[in-house]
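Numbered from 1 within each chain, the chains take letters A, B, ... in sequence-line order. The analysis underlying the following values was restricted to heavy atoms, covering all of them including side chains, and did not include hydrogens, waters or symmetry mates.
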Amino acid sequence: MKIWHAFMGSKVTKNKANAQREYRILLAKKLNNRNFATLSEKEKREVLEVAAKDFSSKFSKDIAILAKE
Amino acid sequence: MTHLEFPEKKQIEWWINHLKQTDAILQLSLPAVDEKWFDDICNIVQRLQFSFMPQDLHTVAAYLFYNIAKRHDILDGNKRSAIVVIYLFYLINGYILLQGSKIRLLAKSVASSHGSRQEQAWLRKIRDQLSSRAIPISNLPD
């Protein structure tokens, strides 16, 4: 059972790391070495949309912990 | 010094909306965001934007984080607000923040630190911690 939990735990961590990697690549594509301020309103919203997913994958649990304190 | 971008009220509003739409947990656990919350955050951002301190990204980020987490301008959820805003600040300056749990612990330590006598020491500590956890978005992972 312990081995199964460890295996599943490592799988979740791996999936999360892969997702965060994908978000970062997508953000880099959307920014394309440009300054955020120079993006159009639509592009800014698209960047924030991807970033929200990245934020959620990294900080959701921590924000929930802080909310309970 | 590179030119720094500071989040505008409209961008902060978009950011909060996207976070709430993306994640049900965040929808329930983000700080209570109302007009006063936006005004408080914008006041802190503008104070930093127009101050004369060195315009180095991580130094400004440390001031922003400290001012939101510690100064209690925000009545409820100052630690969560500091994390949400500092992520946005780094994002619009082309950086991405890593390691949520470390940033949460940093916010907790800052919020529970005593008085403002050690403000400079805390600012240095926050700067060090943030700079080691913020990486340029353009540096793509292998």
Heavy-atom distances under 4.5 Å only: say whether A:L39 touches chain B with side chain, backbone, both or neither.
neither
Using non-hydrogen atoms and a 4.5 Å limit, figure out which bit of A:Q20 sits close to chain B: side chain, backbone, both or neither.
neither
Is the closest side-chain donor-acceptor distance between A:S60 and B:D23 under 3.5 Å?
yes
A:K29 atom NZ, over 12 foreign heavy atoms within 6.0 Å
no
Please give me the minimum heavy-atom distance between A:L48 and B:W15, naming the atom from each residue.
O-CZ3, 3.6 Å
Given side chains that start at C-beta, do those of A:E41 and B:K10 come closer than 4.5 Å, heavy atoms only?
yes
Mind ranking B:K108, B:Q99, B:K79, B:H18 by heavy-atom pairs under 4.5 Å with chain A and telling me who comes out on top?
B:H18
So what's closer than 4.5 Å to chain B heavy atoms on A:N35: side chain, backbone, both or neither?
side chain
Ignoring hydrogens, what is the shortest heavy-atom contact between B:R80 and A:A67? Give both atom names and the distance.
NH1-CB, 3.6 Å
Heavy-atom pair with the smallest gap, counting every atom of B:I92 and A:F36:
O-CB, 3.3 Å
For a quick test of reading the model, state the closest non-hydrogen atom pair linking A:A52 to B:T22 and the distance between them.
CB-OG1, 3.5 Å
Scored by heavy-atom pairs under 4.5 Å with chain A, the best of B:L105, B:L28, B:V84, B:N17 is B:V84
Please confirm whether the backbone N or O of B:L97 pairs with a side-chain atom of A:K58, one donor and one acceptor, at under 3.5 Å?
yes
Using a cut-off of under 4.5 Å for heavy-atom pairs, which of A:R45, A:K44, A:K53, A:R34 has the most such pairs with chain B?
A:R45
B:I103 side chain near A:D62 side chain, heavy-atom distance below 4.5 Å
no
